[in-house]
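To keep things clear, I will list the structure first and then write my remarks on it.
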Amino acid sequence: MLTKAQWQGCLEVMEEMFPDAHCELIHSNPFELLIATLLSAQCTDALVNRVTPALFAKYRSPQDYLQVDVEELQNDIRSIGLYRNKSKNIQALSQMLIEQFAGEVPNSREALVTLPGVGRKTANVVLSVAFGIPALAVDTHVERVSKRLGLCKWKDSVLQVEETITKKTPMNLWNKTHHQLIFFGRYHCKAQNPNCLSCPLLEVCREGKKRMKKLSST
DNA sequence: AACTCGGGGCA
DNA sequence: TGCCCAGAGTT
């Protein structure tokens, strides 16, 4: 198992590899972060970032999203996929924010997950990035990376992985950790053909060492 | 647990 | 061309 110090070392190395990873989800306010995160489902942020500048210039508040027909909103986000669900959710969510949360994005998980289209992962991103609250969205990349490195056991559930990382990550790294893990997992520690040969974390990585051993024996 | 939504990226 | 993808909701 990876120690807390080793884990922090890994996070620092990931930051050196992808220094601007966390910039992709920096937004001027929690509401824009919430919308951008919701749009990110099943597509990359690079794709989302192509529509958000125009989107956020046009819609600045929950009220703004309610002043157009759903078809118009669909057209504004069509290129990212899953646009029917997402448009519907954004309008329903805007309505709820106005009626139940005084137009503000709530800062508790219990409240966030009651919003349509917002599940645990989206809620955790908003909590950590917008409010600095320790919460980590565990997707396939985060799960794979933490298990390969040896931070978690292979049989751990998603919730167990989340608990372990939450426990071992220092407060000052909360707004970055998720994005560093995502980038590291997506572009380096890939699901297929991970680049172990050039990996700076090879010395501490459980799976990496195993793969190298196998490679040298054949 | 296994679907569905969905256009774009990439082999 | 066909497969996959920073998820959530429904059955």
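Just so you know, these numbers come straight off a predicted model, no measurement behind them.
- Electrostatic pairing of R120(A) and E162(A) counts as a salt bridge here, judged by a charged N lying under 4.0 Å from a carboxylate O.
- For the residue pair E99(A) / Q95(A), a side-chain donor-acceptor distance below 3.5 Å is found, with atom types taken as modelled.
- Between Q42(A) and dC5(C) there is no side-chain N or O to OP1 or OP2 distance below 4.0 Å.
- Taking atom P on both dG6(B) and dT10(C), the two are 14 Å apart, rounded to the nearest angstrom.
- Near-neighbour residues of DNA chain C inside residues 138-163 of chain A, defined by a heavy atom below 4.0 Å, number-ordered: D139(A), T140(A), H141(A).
- Residues meeting the salt bridge (Lys or Arg N to Asp or Glu O under 4.0 Å) test with R148(A), sequence neighbours left out: none.
- Residue L47(A) is classed as a sugar-phosphate contact, given heavy-atom separations below 4.0 Å to backbone atoms only.
- A salt bridge links K58(A) with D76(A): the distance from a Lys NZ or Arg NE/NH1/NH2 to an Asp or Glu carboxylate oxygen falls below 4.0 Å.
- With no hydrogens or angles considered, no side-chain donor-acceptor pair links W174(A) and T169(A) at under 3.5 Å.
- Chain A approaches DNA chain B over the interval dC5(B) to dG9(B), counting the first and last nucleotide 5' to 3' with an atom under 4.0 Å from its heavy atoms.
- Taking K176(A) as the reference, E15(A) meet the salt bridge (Lys or Arg N to Asp or Glu O under 4.0 Å) condition, with sequence neighbours excluded.
- The residue among A41(A) and R50(A) whose nearest nucleotide of DNA chain B is located toward the 5' end is A41(A).
- Taking E163(A) as the reference, nothing meets the side chain to side chain donor-acceptor pair (under 3.5 Å) condition, with sequence neighbours excluded.
- In summary, the side chains of D45(A) and S40(A) do present a donor paired with an acceptor at a separation below 3.5 Å, with no hydrogens or angles considered.
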Nucleotides 9-11 of chain C: which of its N/O atoms have a protein N/O under 3.5 Å away?
| unit_1 | atom_1 | unit_2 | atom_2 | d |
| --- | --- | --- | --- | --- |
| dG9(C) | OP1 | G117(A) | N | 2.9 |

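- Contacts between residues 68-84 of chain A and DNA chain C, defined by a heavy-atom separation under 4.0 Å, are made by L82(A).
- Side-chain nitrogen and oxygen atoms of T122(A) include at least one within less than 4.0 Å of the OP1 or OP2 phosphate oxygen of dA8(C).
- In this structure, the NZ atom of K121(A) is 6 Å from the P atom of dA8(C), given to the nearest Å.
- The ring-ring contact (aromatic ring centres under 6.0 Å, His included) check on F31(A) picks up Y65(A), with sequence neighbours excluded.
- Between the NZ atom of K88(A) and the P atom of dA8(C) there is a distance of 15 Å, rounded to whole Å.
- In this structure H141(A) satisfies the ring-ring contact (aromatic ring centres under 6.0 Å, His included) test with no other residue, sequence neighbours excluded.
- Spacing between dC10(B) and dA6(C) at atom P, rounded to whole Å, works out to 13 Å.
- For dA6(C), one of the phosphate oxygens OP1 or OP2 lies less than 4.0 angstrom from a side-chain nitrogen or oxygen of R186(A).
- Annotation: side-chain hydrogen bond (donor to acceptor under 3.5 Å, both in side chains) contacts involving residues 106-119 of chain A, sequence neighbours excluded, comprise R109(A)-N124(A).
- Residue pairs satisfying the side-chain hydrogen bond (donor to acceptor under 3.5 Å, both in side chains) criterion with at least one member in residues 191-205 of chain A, sequence neighbours excluded, are listed as follows: N195(A)-S198(A).
- Shown here for K86(A) and C43(A), the closest heavy-atom pair between the two residues is NZ-SG, 4.3 Å.
- Across the protein-nucleic acid pair, N175(A) atom CG and dA6(C) atom P stand 22 Å apart, rounded to whole Å.
- Here the separation of dA2(B) from dC4(C), taken at their P atoms, is 16 Å to the nearest Å.
- Hydrophobic cluster membership of I98(A), counting Ile, Leu, Val, Met, Phe, Trp and Tyr whose side-chain heavy atoms lie under 4.5 Å apart directly or via other members: L66(A).
- When the P atom is compared between dC3(C) and dT4(B), the two are found 15 Å apart, to the nearest whole Å.
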